[in-house]
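This report refers to the structure that appears directly beneath it.
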There are 2 protein chains.
Amino acid sequence: MLQLTRDGEYAVRALVYLASQPDGKISLISEISETQEVPKSYLSKIMQHLVRSGLVKSRRGAKGGFVLARPAHQITLRQTIEAMEGPIHLNVCLIKKGECHRDDLCPVHPVWRDAQSKLIEVLDSKTMADLVRDAEKLQRTGNKTEARRVEVK
Amino acid sequence: MLQLTRDGEYAVRALVYLASQPDGKISLISEISETQEVPKSYLSKIMQHLVRSGLVKSRRGAKGGFVLARPAHQITLRQTIEAMEGPIHLNVCLIKKGECHRDDLCPVHPVWRDAQSKLIEVLDSKTMADLVRDAEKLQRTGNKTEARRVEVK
DNA sequence: AGCATTAAGACTAAATTCATCTTAATTGTC
DNA sequence: GACAATTAAGATGAATTTAGTCTTAATGCT
């Protein structure tokens, strides 16, 4: 299906949370789980994955926890999603040259390539730092929807 | 996963094939299956689905088969894909207002909305008639890539 | 009547999704 | 050094989706 998995969604939530914390602050699984509404033991596996893919650093033992592995403005939405789901390919024919041997004659292939690059462009253009800033803005305007915000004020 | 299912891919192949046939020509499952490289009995289920969603008309019995239900330029890629997979929602939070109660405070939501509308725009802009024309062009240039075709002509 | 063909849907195997649970390993603190 | 807190690792499992096959019924031509 053309839909993000829970893995991807939860990873984004976790990273946005980490990015919103003061510099150097270590966050716990339970803390992220509660604020971001992600099942705790599921989140644990996701964090593991994010550590292995180099977006997050963990420390074991008492006073352990998780921190971003690099500044929030150097982590994009795309990187986060691909850390969980692997490279984005909107259709199997885009996985690699030759994956689909109808490639050269298939008129649909270029359309998928176009769609995919537009999607990726959007996901590349948002960093965790951007998202934290956006979240703060949303909070200041007090839970109004975008549309209403425009009309009312 | 952010990936088209086989259902969607095969439906597109079938419709492109039907669109490429002379006006009024009735096509058989076996014919579509062989030229488009789709398992025959699987294709049968897909055609059923396309009939029910109104993109294709079928006739039973001897001399029966399938025809487009309307002109090829009135069937878009998006319609074809949504006929098989249902409405496109890149993330569950886009299914409907209120699906995700974090909506108003979630900074990621607008990004998904943006990405989705760009994807849909691409899929809306290609009709089966366009694709048949593109396929003919590809065949004339003898398996060259798009990029090269642009240079040459 | 008989044959060709689609319609409908039951059935299945494999993969993916979305988790939970248990146990081991690690580390700071007392 | 013992202990408590915490993450790491991975086994396990239920539900759903995916991808496909197969069978039987219905239909329409000849």
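Each chain gets a letter, A, B and so on, in the order its sequence line appears, and its residues count up from 1.
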Rounded to the nearest angstrom, tell me the gap between atom CD in A:E85 and atom P in C:dT17.
7 Å
Minimum-distance nucleotide to A:Y42 side chain [options: D:dA8, D:dT21, C:dT20]:
C:dT20
Of the non-hydrogen atoms in A:A115 and B:L119, which two are nearest, and what is the gap between them?
CB-CD1, 3.5 Å
What's the NE2-C1' distance between B:H49 and D:dT17, to the nearest Å?
14 Å
Walking DNA chain C from its 5' end, the first of A:R60 and A:L43 to be reached, judged by nearest nucleotide, is A:L43
Identify which one of B:T76, B:V16, B:L55 satisfies the side-chain contact (heavy atoms from CB on, under 4.5 Å) criterion when paired with B:M128.
B:V16
Donor-acceptor pair under 3.5 Å, A:Q48 side chain vs D:dA9 base:
yes
Using a cut-off of 4.0 Å on non-hydrogen atoms, how would the nucleic acid contact of A:S58 be classed: base, sugar-phosphate, or nothing?
sugar-phosphate
Would you say B:Y10 places a side-chain N or O within less than 4.0 Å of OP1 or OP2 belonging to D:dG20?
yes
May I have the step-by-step check of side chain to side chain donor-acceptor pair (under 3.5 Å) for A:N91 and B:Q3, ending in yes or no?
CA-CA 5 Å; A:N91 196 344; B:Q3 194 167 282; over 6 Å; no
Per nearest nucleotide of DNA chain D, the residue lying toward the 5' end, A:L28 or B:K40, is A:L28
Starting at CG of A:D7 and ending at P of C:dT20, how long is that distance when rounded to a whole Å?
13 Å
Side chains of A:E85 and A:T5 only: does a donor on one sit below 3.5 Å from an acceptor on the other?
yes
Please report, rounded to the nearest Å, how far the P atom of D:dT27 is from the CD1 atom of B:I26.
18 Å
B:I46 CD1 - D:dG20 C1' separation (whole Å):
10 Å
Among the candidates C:dA10, D:dT7, C:dA19, find the nucleotide nearest to the side-chain atoms of B:K45.
C:dA10
In whole angstroms, how far is the C1' atom of C:dT16 from the CZ atom of B:R6?
16 Å
Would you indicate which nucleotide in D:dG20, C:dA8, C:dT20 comes nearest to any side-chain atom of B:R52?
C:dA8
Touch check for B:T5, heavy atoms < 4.0 angstrom, all strands: base, sugar-phosphate only, or nothing?
sugar-phosphate
Would you kindly give the CD1-to-C1' distance between B:I81 and D:dT18, to the nearest whole Å?
17 Å
I need the NE2-P distance between B:H89 and D:dT17, as an integer number of Å.
14 Å
Check: B:F66 and B:L15 side chains under 4.5 Å, non-hydrogen atoms:
no
